[in-house]
**Student:** 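Starting off with a structure, shown below.
Computed from a predicted model, the values in this text were never measured in an experiment. Read the numbers this way: they start at 1 and go in the same order the structure lists the ligands and their atoms.
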Amino acid sequence: MTDTLTIRRPDDWHVHLRDGDMLKAVAPYTARVFGRGLIMPNLAPPVTTRKAARAYRDRIVAATGDSGFTPLMSCYLTDDAKAGDIAEGFKDGTFAAVKLYPAGATTNSTDGVTDISNVTGVLERMQQIGMPLLVHGEVTNPAVDIFDREAAFIERVLDPLLGDFPGLKVVFEHVTTSEAVAYVRDKASQVGATITAHHLLINRSDIFRGGIRPHLYCLPVAKREKHRLALRQAATSGEACFFLGTDTAPHAVSAKEAACGCAGIFTAPTALELYATVFDEEGALDKLEAFASLNGAAFYGLEPNPGSVTLSRSEAVVPETVAAGDGESVSPFMAGESCGWTVASG
Ligand code: NCD
Ligand code: ZN
C-alpha cells in the first residue's frame, strides 16, 4: 500500500479568494500547496478591466507573501465588455481567461451576461487569439428545476456556442452531472472541465442529512449519487480534459447560516488532501498528478510547476473555523471531521 505520494506542485484552476480581510484570511490556504490559481473575478464590483485585475493581483500577491504562489487573473464578462481591452489584457499577460456568468446564476453574477448574442464580438476576438472562455454552466430561467440547470445549459447555450465558435477554447467549470462529463469527453479537443473536491464527496441528499446543512450548499448544487459517481470516474480517469478546480468559495458564517444563505463551499484548508482521499478510495492515486498538476497546465498551454508536494496517508482533522477579520469566521468543508491524507511537505 502506498503511504506517501509525491506529485508535481498542483494548480487550482478555479478559486475565489475574495478581498480585504477575507482575502488575507483565506489566500494562504490556497498558496500553501498550489503553485498557481486561476482567480475568479466575481468581486463586488466585478473585475472587468485590466486596471482592476492588476490591482487585485497585487493584493493577492501581498496576501500570499513569499509562498511563490502565482495568481492568474480572469476577466468578468459583461454585456458591454470591450473586445479590445480584453484582447490586450490577454496579450500583455494581465488576463489568462474570461469568465462567463449567466446573469443571476450565482454569487455576484448580477452584472453577468444576459444573452450570449450580446458578447459575440468579444468571443470572436477570443477565438482568434486563443483566449479561453470559462463558463458557469447553468441556465438561469427560474422555471427550470435547479437540479436540471446544468444539463439544460449544455443543450440551450453551450452546444450552440461551440457550434458558432468552433475554435474557441472553453472550460466547463465545476461540472456536476454525468451529462456534462459525457459532453466534455465528446468535445475534449476544444473543451476542458474543472471538478471540485466537494462534488466528488457529497450528493444532494447530504445537504439534508439530519437537517439542512448550509455549509454544503453551493452552485451548481450537488446532484444525485449517480452523478457523483460519474464525476469520480472522470476525475480519476487521467483523461486530459478533466482537471482540478476547487471552486473554494468562502462566505462568512453569518452569511451561510441565514434564512437565505449564500452559495459557496470553502475547501481551501484541506483541498488537496480531500482529492487525495477520493483518488485513494478509487484506487487511482497514480492518476492524481495528471488531474492536479498536469492536465490543466497543458490545457492552458503552460508548463507544469517546478517543485513538488508530498502527501502522506495519515488522518488530518479539518479546522473547525477560520477567522476572517471583523469578528467574522468561515466554516470549512467537513469542519472538525478528518480526511485520510495530509500534506507532508511542499
Ligand atoms: C461561488 C461564490 O460564492 O463566489 N459560489 C458557489 O457556490 N460556487 C460562485 C460560483 O462559482 O458559482
Ligand atoms: Zn466558482
**Student:** Using a threshold of 4.0 angstrom between heavy atoms of the protein and any atom of ligand 1, which residues qualify?
**Tutor:**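 Close residues (ligand 1, cut-off 4.0 Å): H14, H16, R18, N42, T106, T107, H136, H174, C218, L219, D247, A249, H251, A263, G264.
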**Student:** Are R209 and D206 within salt-bridge range, i.e. N to O under 4.0 Å?
**Tutor:**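 Answer for the salt bridge query: yes.
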**Student:** Is the terminal nitrogen or CZ of R204 (NZ for Lys, CZ for Arg) located under 6.0 angstrom from the six-membered ring centre of F147 and within 45° of that ring's axis?
**Tutor:**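 Judged by the rule (NZ or CZ under 6.0 Å from the ring centre, within 45° of its axis), R204 counts as positioned above F147.
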**Student:** Please determine whether side-chain contact (heavy atoms from CB on, under 4.5 Å) holds for the pair H136 and E173, giving the CA-CA distance in whole Å, both sets of side-chain angles, and the decisive distance to 0.1 Å.
**Tutor:** CA-CA 6 Å; H136 182 109; E173 297 292 339; 5.8 Å; no
**Student:** Do the charged groups of R125 and D85 touch, with an N to O distance under 4.0 Å?
**Tutor:**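 Between D85 and R125 there is no salt bridge, as every charged N stays at least 4.0 Å from the carboxylate O atoms.
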**Student:** So which protein N/O/S atoms does the Zn ion (ligand 2) have within less than 2.8 Å?
**Tutor:**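 Near the Zn ion (ligand 2), the protein supplies H14 NE2, H16 NE2, D247 OD1.
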**Student:** Is E282 paired with R232 through a side-chain N to carboxylate O contact shorter than 4.0 Å?
**Tutor:**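 Here R232 pairs with E282 in a salt bridge, since their nearest N and O are under 4.0 Å apart.
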**Student:** Ring centres under 6.0 Å, that's the criterion: do H174 and H199 meet it?
**Tutor:**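 Not under 6.0 Å, so no.
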**Student:** Kindly determine whether I129 and K91 satisfy side-chain contact (heavy atoms from CB on, under 4.5 Å), including the steps that lead there.
**Tutor:** CA-CA 9 Å; I129 63 176; K91 287 182 193 152; 4.1 Å; yes
**Student:** Can the ring centres of F299 and F243 be said to be less than 6.0 Å apart?
**Tutor:**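 Judged by ring-centre distance (under 6.0 Å), F299 and F243 do meet the cut-off.
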**Student:** Taking the six-membered ring of F279, is NZ or CZ of K287 closer than 6.0 Å to its centre and within 45° of its axis?
**Tutor:**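 Not satisfied by the 6.0 Å and 45° rule.
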